[in-house]
Student: 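My questions will all concern the structure given below.
The sequence lines fix the lettering, A, B, ..., with proteins before strands; numbering per chain opens at 1.
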Amino acid sequence: MISLVLPDGSVVEARSGITVDELAEKILPRQKKKIIGALVDDEIKDLRDILTAGGSLSFLMTGDQTSLDILRHSTSHLMAEAVLQVFPDAVLGIGPSIADGFYYDFKLPRPLEPEDVTRIEKIMEKLASKNVTFERSEMPIDEAIKYFDSKGEVFKVELIRDLAEKGERVISIYRSGGFEDLCRGPHLRHTGQIKVFKLLSTAAAYWRGDEKNPVLQRLYGTAFWSTEELQAYLDNLEKIKERDHRRLAKELDLYSIHEDVGAGLIFWHPRLAMVRHLVEEFWRSEHLKRGYGFVYTPHIAQEVIYQKSGHLENYAENMYSPLLIDEKPYYLKPMNCPGHIKIFQTRRRSYRDLPIRYCELGTVYRYERSGTLHGMLRVRGFTQDDAHVFCTPDQIADEVYGIIDLVDTLMTAFGYSYTIFLATRPEKSLGSDEEWEVATGALRQALERWGKPYELDEGGGVFYAPKIDIKLQDALGREWQGPTIQVDLNLPKRFDVTYIGPDNTEHEVIMIHRAVLGSMERFIGGLVEHVGGAFPMWLAPTQTMILPITDGQNEYARELSNRLVAEGFRVEVDARNEKIGYKIREAQEMKIPYMIILGAREQESGMIAVRHRKQGDLGAMRLDDFMERCKDEVIRKVLN
RNA sequence: GCUGGCGUAGCUCAGCUGGUAGAGCAAGUGAUUUGUAAUCACUAGGUCGGGGGUUCGAAUCCCUUCGCCAGCUCCA
């Protein structure tokens, strides 16, 4: 007998060897139809699984968020069955559930076209309505290889062979209607439980993600328990599309890319350049407060530098081919580190000088494969907010703490929440155990002192450094790779970067490498999406648009504008010969925070009529009060 | 880089199986002087991404090249 503890604390005894389905019948007979699996000691179990050990037990029901994976996985099987009806020769790849849905890869005689997708979707609907039960069977590995081989399922055979190598003896097969697949499960009770699904897109993908392998056709889809959830998901996709920085760039005149100049090279238009300027201004002032020195370093450097740094050895495929200057090869810089080291090394440094903190908004150029370029988020030339702290080993923790504090200040101002990860030594790495221990220990110490929760990313460090990675969450709940702090165990050695210690001998310096915003291009591209193009007051390129109702107020509008500009506000006047509704509409579409509407009434009374882009008409107020309000929003960096 | 799709006026897009381009918005001009998300009329604007080919004839078919999009891959 085994004993199972239910969520309410009660204990149920059952015979060893009972299936989850039988258990459902025994415990919750009335809800049996809704039960599609179970969690036993937090492990997902299929209905058909046999239990031989007890533990905590809770059932997975249709409608649960936790059981969406099962639904989606089963839906991918249903899709594969439909695809086989359309393409009887299709060879199956894999069909897992993923974060927001599922996919299935197939080798097909021709690529999928949009019509195929609708056709497949229709067939799926028909198949689902047949309420076909998912059945599981098992097969010894040898037999399975022969079986799938006879069906021409070469990829499945490969998978089974790998399973055999891992020591598996038996594999499981799920069958639903005319379809069967090598599969670990779990699956739904029957296909009738698949009601709400949608095929989303097609793409090509390599078998096992390796470009040496054959290309398969991938079909993406998603499934939910209710149409409301599906609709909410689709609405969110639409919202993300509307906020796409490439789309907003056109609507708001933010940046451009020019084919005849080059892919992945960004032209910042005045409005976005203003945002960048304001971000940089903030960035600089926060660095000054924290004792950083600003530096500038050249954009090209001779070969020897990158030989010494190891970039030509390890990073060459991301570097552009050299320019010849006086017959000597010069490279465009892919990173700023060597430059900062050169400055550090211009004199002997005493331990009394440390820490030394250099920061630079340094523009670097890196080769990115053409297929990876993506608006401002993935480019070939970008400006990093790069900094290097040179310090002694016992200063690491303090310095890292200071950097985390800087990160928190900046990210909070932009309205990002974040998660901190500590990434430790990977398998392939440089340096001694002791060095890694000191560096990682200091990072951990800083995090402990910071006091907020962090996660451990075991082995997730880079080969030359343990690091703290910070993942940002934006307004749409999406994750972005954010700030990174690395204790570099490589470059100080390569460049022989030292300081004189209290013992009057040379010591290798500790070099902390960090970026907070990452690259200006990516950060601001992401920011555009985060705020949906509606920059908060402190960042808005135009903060206030003055809208005269007739050209009788144009002169007055300019006067007011001058007064506001004199107070440091960014103001424009829309003096075009248009109706007020039209001007408001355009200012609204440009997502300008405030509009001042000026008609004869205002001119007489000396008041202004203020409209906010979100709150609408705010009524009449005094210009001074309006300026107070705006100043307050700017100083407090109010997010809206 | 790979696979697939796409590339027509500044923008969004139409243009059936080849017969040499069209709308809305934007722009310019004029009228209108307007009160909280689109006033009206007229005008101008394109070697249909570039190059090559097939054809009497190509935006439409083929090849090639560049770029964009979705994935894959990569991400020191």
Student: Counting Watson-Crick and G-U wobble pairs only, both distances under 3.5 Å, name the nucleotide matched with U55(B), or none.
Tutor: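 The answer is none; no pair meets the criterion.
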
Student: Could you let me know what C68(B) is paired to, Watson-Crick or G-U wobble, both distances under 3.5 Å, or none if it's on its own?
Tutor: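 In the structure as shown, C68(B) has G5(B) as its Watson-Crick or wobble partner.
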
Student: What's Y464(A) touching, base or sugar-phosphate or nothing? Going by heavy atoms closer than 4.0 Å.
Tutor: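 Base, at least one base atom sits under 4.0 Å.
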
Student: Considering only heavy atoms and no angle criterion, is a donor-acceptor pair shorter than 3.5 Å present between the side chain of Y206(A) and the base of C2(B)?
Tutor: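 Pair found.
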
Student: Look at all strands and tell whether G581(A) reaches a base, only sugar-phosphate, or nothing, counting heavy atoms closer than 4.0 Å.
Tutor: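 Counting heavy atoms under 4.0 Å across all strands, the contact made by G581(A) is with sugar-phosphate only.
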
Student: Please list, by residue number, the residues of residues 590-610 of chain A whose heavy atoms come closer than 4.0 Å to an atom of RNA chain B; answer none if no residue qualifies.
Tutor: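 Heavy-atom cutoff 4.0 Å gives I597(A), G599(A), A600(A), R601(A), E602(A), A609(A).
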
Student: I266(A) has an atom CD1; how far is it from atom P of G67(B), in whole Å?
Tutor: 14 Å

Student: Donor-acceptor pair, E435(A) side chain versus S432(A) backbone, under 3.5 Å?
Tutor: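 Side chain of E435(A) to backbone of S432(A): a pair is present.
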
Student: Given F390(A), which partner from the list I510(A), I512(A), V497(A) fulfils the side-chain contact (heavy atoms from CB on, under 4.5 Å) test?
Tutor: V497(A)

Student: Using the side-chain contact (heavy atoms from CB on, under 4.5 Å) definition, which of the options T484(A), I404(A), I403(A) pairs with I468(A)?
Tutor: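 In the set T484(A), I404(A), I403(A), the residue that makes a side-chain contact (heavy atoms from CB on, under 4.5 Å) with I468(A) is I404(A).
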
Student: Could R218(A) and Y103(A) be counted as a cation-pi pair, given that NZ or CZ must be under 6.0 Å from the ring centre and within 45° of the axis?
Tutor: yes

Student: Any side-chain N or O of R369(A) less than 4.0 Å from the OP1 or OP2 oxygen of C75(B)?
Tutor: no

Student: Please work out if K250(A) contacts a base, only the sugar-phosphate, or nothing of the nucleic acid, heavy-atom cut-off 4.0 Å.
Tutor: sugar-phosphate

Student: For I580(A), which contact category applies under a 4.0 Å heavy-atom criterion: base, sugar-phosphate, or nothing?
Tutor: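 Result for I580(A) = sugar-phosphate.
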
Student: Separation of E578(A) atom CD from A26(B) atom C1', in whole Å?
Tutor: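 Atom CD in E578(A) sits about 12 Å away from atom C1' in A26(B).
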
Student: R378(A) CZ to C75(B) P: how many Å, rounded?
Tutor: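 Distance check: R378(A) CZ to C75(B) P gives 10 Å.
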
Student: Select base, sugar-phosphate, or nothing to describe what E251(A) touches, counting heavy atoms under 4.0 Å on all strands.
Tutor: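 Counting heavy atoms under 4.0 Å across all strands, no contact is made by E251(A).
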
Student: Identify whether any heavy atom of Y582(A) sits under 4.0 Å from a base atom; if not, whether one sits that close to sugar-phosphate; answer base, sugar-phosphate or nothing.
Tutor: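 Counting heavy atoms under 4.0 Å across all strands, the contact made by Y582(A) is with sugar-phosphate only.
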
Student: Expressed in angstrom and rounded to an integer, what is the separation of L373(A) atom CG from C74(B) atom C1'?
Tutor: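 Distance, rounded to whole Å: 12 Å.
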
